[in-house]
Visitor: 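Here you go, one structure.
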Amino acid sequence: MDAKTLMLAIFLLFLISASSDAHTQKIRARKPCKHLVFYFHDVIYNGKNSRNATSAIVGSPVWGNKTTLAGQSHFGDLVVFDDPITLDNNLHSTPVGRAQGFYIYDKKEIFTAWLGFSFVFNSTEHKGSINFAGADPLMNKTRDVSVIGGTGDFLMARGIATLMTDAFEGEVYFRLRTDIKLYECW
Amino acid sequence: MDAKTLMLAIFLLFLISASSDAHTQKIRARKPCKHLVFYFHDVIYNGKNSRNATSAIVGSPVWGNKTTLAGQSHFGDLVVFDDPITLDNNLHSTPVGRAQGFYIYDKKEIFTAWLGFSFVFNSTEHKGSINFAGADPLMNKTRDVSVIGGTGDFLMARGIATLMTDAFEGEVYFRLRTDIKLYECW
Amino acid sequence: MDAKTLMLAIFLLFLISASSDAHTQKIRARKPCKHLVFYFHDVIYNGKNSRNATSAIVGSPVWGNKTTLAGQSHFGDLVVFDDPITLDNNLHSTPVGRAQGFYIYDKKEIFTAWLGFSFVFNSTEHKGSINFAGADPLMNKTRDVSVIGGTGDFLMARGIATLMTDAFEGEVYFRLRTDIKLYECW
């Protein structure tokens, strides 16, 4: 093998390894391709706060009602929400989007819920939506739900969101910190 | 380097680039690997049309009921459906499948809903299902929801579906054009 | 072309094909990267069994109620559940996790439902959750729903779950065999 052929071989090997590295990183990066943190704020309707409520009970077990969350860890209450999303933990900050969807309390013994919801953005910063689903054992300090898809700026997104209850006031207001890590981005 | 080695080198480079092209296209094609257009037709139960209704209110806010969609942009109404899917915009065309799932109106100020549903096919053309989830701000001319998975012919499918209200008659009938673009196919 | 160049060429071709094989397998294996079988057990509340019920009706159509599943194939009933998961088909085996979520009966003519739920594990064997969504035409011997994501040990999981009704006792108890095939794992 002469010198030129050797150089060619090395060059080709470099090409192969470069392309394969780039690839692995694109598809299956262990660090997020996008990392976003938001807060959202849920004010549940309790019969008196219709002006500023952002969520309401729309399904309840036979032993419950739709004005007050049910006993037994709210088991069976279905809540629909349209909550403001903010960049910091202040309910009165300018919203950057809306968190829309539902949760169902699904266990009698402890507080835990199942969530299906979207973050909907329409600002100069972000256009599009991120869709989430998963179990929310809300007494845990942090818990993860799946990012199951996205649209617009978040087309084909996949990953997880780590939820943390940042505030909880009686049975009327709670605030969730949402730490979104996307491992697949376009 | 002699002519044969040069040809070999060119051939190898071609192989590398071909394989990497093919790959990129398979995994992350910017044009859909499958593109399908369907219509589905929702006839909501209103107390009088039980014979031909395909959907019904099964959850409602405390100020609503299950025969009439609630005020305030239907906020809080949960509707379950089993709607015929057709290839054209005619309700009376032979259905090619069923759209099954639910929507929840989730905002007081404007009409917007959260959708979880499937297209279920069992024809010579398509066998299997496509699963969808996402926000549907239904006053927008078009809006995107995520394809979150599939089964049968659509195993491992991912992508988006663009929804367009193709007809809307009072609070009883609507028809959605569904433009499905899959970016991951098997 | 001399012998050494030929060997180099063969070696490079081998490298390319090896890397591309490994890749295809990682991303798009046609056989599951994880295969798991579980059973889960649903005991629906019927007004008398509050002690051992694991699910309850929380939404119903206008012609139904929340103690008894509705006529017309239970169309319109929304059920929320927190069911034990076991490794075998015995309700009294030690649970290895919980199946949490909801199903909605969505068709008048036959029994079929739409499912959104999670398997939640917190054992030495498995930590994390698997999230599912899809149509469940429950009169079919087997039916597939999508694995739409996961967390913890199941981070970024995708695939399908084949459900099979393993037991069905009146309108109070059923047991589902769940055969989970993940085609994307981390």
Side-chain angles (χ1 to χ4, degrees), chain B residues 1-5 7-9 11-12 15-16 19-20 22-23 26-27 45 47 50 53-60 65-68 78-83 98-102 116-120 122 128-133 146-152 154-158 184 186, chain C residues 1-2 4-6 8-9 12-13 15-17 19-20 23-24 27-28 30 57-64 70 72-73 75-78 102 104-110 112-116 131-137 140 143-149 158-162 181 183-184:
Chain B
M1 184 157 49
D2 60 18
K4 276 182 189 164
T5 314
M7 273 175 66
L8 171 68
F11 174 65
L12 286 175
L15 263 188
I16 293 164
S19 111
S20 124
H23 187 78
K26 199 162 49 178
I27 302 300
Y45 178 72
S50 72
T54 63
S55 70
I57 305 172
V58 302
S60 56
N65 66 69
K66 289 175 188 163
T67 313
T68 314
L78 164 62
V79 177
V80 58
F81 60 90
D82 165 48
D83 292 346
R98 306 296 294 189
Q100 300 181 328
F102 70 96
F117 68 105
S118 304
F119 274 13
V120 180
N122 188 11
S129 64
I130 307 175
N131 299 316
F132 307 86
S146 292
V147 173
I148 58 173
T151 67
F154 303 99
L155 189 57
M156 295 297 282
R158 291 229 309 137
E184 290 188 22
W186 264 32
Chain C
M1 182 156 48
D2 63 19
K4 277 182 190 163
T5 314
L6 187 64
L8 171 67
L12 286 175
L13 275 169
L15 262 188
I16 293 165
S17 92
S19 110
S20 123
H23 188 80
T24 304
I27 302 300
R28 204 138 287 249
R30 300 283 158 149
I57 304 172
V58 302
S60 56
V62 70
W63 57 85
Q72 293 192 297
S73 310
F75 177 65
D77 280 328
L78 164 62
F102 70 96
I104 314 189
Y105 290 96
D106 55 24
K107 199 179 175 75
K108 283 183 288 186
E109 291 75 19
I110 56 162
T112 186
W114 203 87
L115 291 171
N131 299 318
F132 308 87
D136 177 14
N140 295 3
R143 52 275 179 191
D144 290 342
V145 297
S146 293
V147 172
I148 57 174
R158 290 228 311 137
I160 55 164
T162 301
K181 283 147 283 185
Y183 295 102
E184 289 188 22

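Reminder, nothing fancy here: chain letters follow the sequence lines and each chain counts from 1.
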Visitor: Looking at every heavy atom in both C:Gly76 and B:Val58, which two are closest together, and how far apart are they?
Guide: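 For C:Gly76 and B:Val58, the tightest heavy-atom pair comes out as O-CG1, 3.0 Å.
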Visitor: Find the one option among C:Gly59, C:Gly116, C:Ser60 whose heavy-atom pairs under 4.5 Å with chain B are most numerous.
Guide: C:Ser60
Visitor: Quick one: pull up OG in B:Ser55 and CZ in C:Phe75 and give me the separation to the nearest 0.5 Å.
Guide: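 If we round to the nearest 0.5 Å, B:Ser55:OG and C:Phe75:CZ are 6.5 Å apart.
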Visitor: Please state whether the side chain, the backbone, both or neither of B:Ile57 comes within less than 4.5 Å of a heavy atom of chain C.
Guide: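 Just its backbone gets close to chain C.
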Visitor: Hey, is B:Glu184 close enough to C:Arg158 for a salt bridge, meaning N to O under 4.0 Å?
Guide: yes
Visitor: Report which part of B:Leu155 has an atom under 4.5 Å of a heavy atom belonging to chain C: side chain, backbone, both, or neither.
Guide: side chain
Visitor: Test B:Leu78 against C:Leu78 for side chain to side chain contact (heavy atoms under 4.5 Å, CB included), laying out the working first.
Guide: CA-CA 10 Å; B:Leu78 164 62; C:Leu78 164 62; 3.5 Å; yes
Visitor: With rounding to the nearest 0.5 Å, note down the distance linking CD1 in C:Ile104 to CZ in B:Phe81.
Guide: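 Taking CD1 in C:Ile104 and CZ in B:Phe81, the distance rounds to 9.5 Å.
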Visitor: Looking at CG of C:Asp106 and CG of B:Asp83, how far apart are the two atoms once the value is rounded to the nearest 0.5 Å?
Guide: 9.5 Å
Visitor: Which heavy-atom pair separates B:Met156 from C:Tyr183 by the least distance, and what is that distance?
Guide: CE-CB, 3.8 Å
Visitor: Give the minimum heavy-atom separation between B:Gly149 and C:Ser146, together with the two atoms involved.
Guide: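 Looking at all heavy atoms of both residues, the closest pair is C-OG, 3.4 Å.
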Visitor: Which residues satisfy the ring-ring contact (aromatic ring centres under 6.0 Å, His included) test with B:Tyr45, sequence neighbours excluded?
Guide: C:Trp63
Visitor: For the residue pair C:Pro61 and B:Lys66, what are the closest heavy atoms and their distance?
Guide: C-CD, 4.1 Å
Visitor: Which region of C:Glu109, side chain (C-beta onward) or backbone (N, CA, C, O), has a non-hydrogen atom less than 4.5 Å from a non-hydrogen atom of chain B, or is it both or neither?
Guide: side chain
Visitor: Donor-acceptor check, side chain of C:Lys107 to backbone of B:Thr54, threshold 3.5 angstrom: yes or no?
Guide: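 No, the answer is negative, given that no donor and acceptor are paired below the 3.5 Å cut-off.
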Visitor: What's the separation between atom CG in B:Asn131 and atom CG in C:Asp144, rounded to the nearest 0.5 Å?
Guide: 10.0 Å
Visitor: How many angstroms lie between atom CZ of C:Arg143 and atom OG of B:Ser129, to the nearest 0.5 angstrom?
Guide: 13.0 Å
Visitor: Once you round to the nearest 0.5 Å, how far does CG of C:Asp136 lie from CD of B:Gln100?
Guide: 10.0 Å
Visitor: Between chain C and each of B:Gly47, B:Gly150, B:Gly152, B:Ala133, count heavy-atom pairs under 4.5 Å; write down the option with the most.
Guide: B:Gly150
Visitor: Which atoms of B:Phe102 come close to chain C, meaning under 4.5 Å heavy atom to heavy atom: side chain ones, backbone ones, both, or neither?
Guide: side chain
Visitor: Determine whether C:Lys108 and B:Asp82 make a side-chain contact, defined as any pair of heavy atoms from C-beta on separated by less than 4.5 Å.
Guide: no
